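Just so it is clear, the values below take in all heavy atoms, side chains as well, and ignore hydrogens, waters and symmetry mates. On a predicted model such as this, the values are computed, not experimentally measured, just so you know. Atoms within each ligand, like the ligands themselves, are counted from 1 in listed order.
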Amino acid sequence: MNDRSVSTPPPVDVVRAFPDTSWADEGATRGVEAVVENGEVLSFPLLPFVLSPAEQKFLDPRWADGKAKNISLRWPSGEMRGAAGDAADLIALRAMIVRYTECSEALALRLFPHYRGHLKRGNTSFRPVDVASRATSWRQDDTRLHVDAFPSNPMHGTRLLRVFCNVNPNGRPREWRVGEPFEAHARRYLPAIPRPLPGSAWLLAKTGITKRRRTEYDHLMLQLHDRAKADAEFQRNSPQARVDFAPGTTWVVFSDQVLHAAMGGQHMMEQTFYLDVTQQQRPEASPRGVLERLLGRQLR
Ligand code: SIN
Ligand code: FE
């Protein structure tokens, strides 16, 4: 063995491929809650989100207004943010993104019938900006492995289920890294994470820094997010795998559980769904369940 093989990070194998060619009810796969709850990435290499010839022109960063890195729809209102263009084009662009909302919702409800009636639509986003040109601080740098957790948006244990699709027209993959299982990740940093300062949750909410109270669960998730991104040694040497999602591939993941990083690519659709942790098939497999087991107590 030479030095290079010694420093190669241990491999991770969490991507499962499925043969579906349709978003709608007749698609092949259903009832795979256990797979996604286990922290695996469900990949559908034959499930493209097809743009009409007239929609192809939207595959250009000029439609993003420059302030946000994404063009997004907010639900339930369906209001579009982050786009720039004339009125007729913006109507067509919005219609394209709404179609993605509907496709990904149909897919999620077929894959996960147990969540029916409990999946709540979050934002839908279209990302025409090259991953490489997103200017960011280390905390916002999504080329570093992380679990999703947001400083201003405490989740209180609610799960983040995301449906991504690469719509790149030039054959360019969405290049990801995926990392170690959530439990191993929590064990890595949990002992060093201090409890939140008394009164800090109240203060953060009172001053509007958080939209609602940051619970101890949110504190822990944000600490995991930040500590992983700040840890160069972890980024380099922790167990991980490179995954290229080719154009025409759709993938589904609990992004608050699966360590991920976006290394490259351009033009992607993304739909977020929220799921109350108690509506999972196995709530104990969730990040909150794992953290509670490791801590030996309940988290609120
Ligand atoms: C992320 O969720 O961290 C980024 C995903 C992507 O843009 O591919
Ligand atoms: Fe992320």
Under 4.0 Å to a heavy atom of D142 - the qualifying atoms of ligand 1, by number: 1 (C), 3 (O)
Distance to the ring centre below 6.0 angstrom and angle to the axis at most 45 degrees; does that hold for R159 and F254? yes
Geometry at the Fe ion (ligand 2) - H146 NE2 versus H260 NE2 angle, rounded to 10 degrees: 90°
By the definition ring pair (Phe, Tyr, Trp, His ring centres under 6.0 Å), identify the one residue from W251, F44, F164 that meets it with F245. W251
Closer than 2.8 Å to the Fe ion (ligand 2), do we get an N, O or S atom from D142, backbone or side chain? no
Considering the heavy atoms of H146, write down every atom of ligand 1 situated less than 4.0 Å from one of them. 3 (O)
Provide the number and element of each atom of ligand 1 under 4.0 Å from a heavy atom of R127. 4 (C), 5 (C), 6 (C), 7 (O)
Is there a path from F18 to V243 through hydrophobic residues (I, L, V, M, F, W, Y) whose side chains come within less than 4.5 Å of each other? no
Out of all atoms in ligand 1, which are within 4.0 Å of some heavy atom of H260? Include the element for each. 1 (C), 2 (O), 3 (O)
Is there a ring-ring contact (aromatic ring centres under 6.0 Å, His included) between H185 and F234? Walk through the geometry before answering. CA-CA 10 Å; H185 193 58; F234 165 75; 5.2 Å; yes
D148 atom (N/O/S) at minimal separation from the Fe ion (ligand 2): OD1
For ligand 1, is there an N or O atom under 3.5 Å from any N or O atom of R174? yes
When you compare the side chains of S238 and E180, does any donor N or O come within less than 3.5 Å of an acceptor on the partner? no
Minimum side-chain heavy-atom gap I97-I71 below 4.5 Å: yes
Numbered in order shown, the ligand 1 atoms found under 4.0 Å of a heavy atom of M268 are 6 (C), 7 (O), 8 (O)
Counting heavy atoms under 4.0 Å, the part of E270 that contacts ligand 1 is neither
Could you check whether any side-chain heavy atom of S43 comes within less than 4.5 Å of a side-chain heavy atom of V15, counting everything from C-beta outward? yes
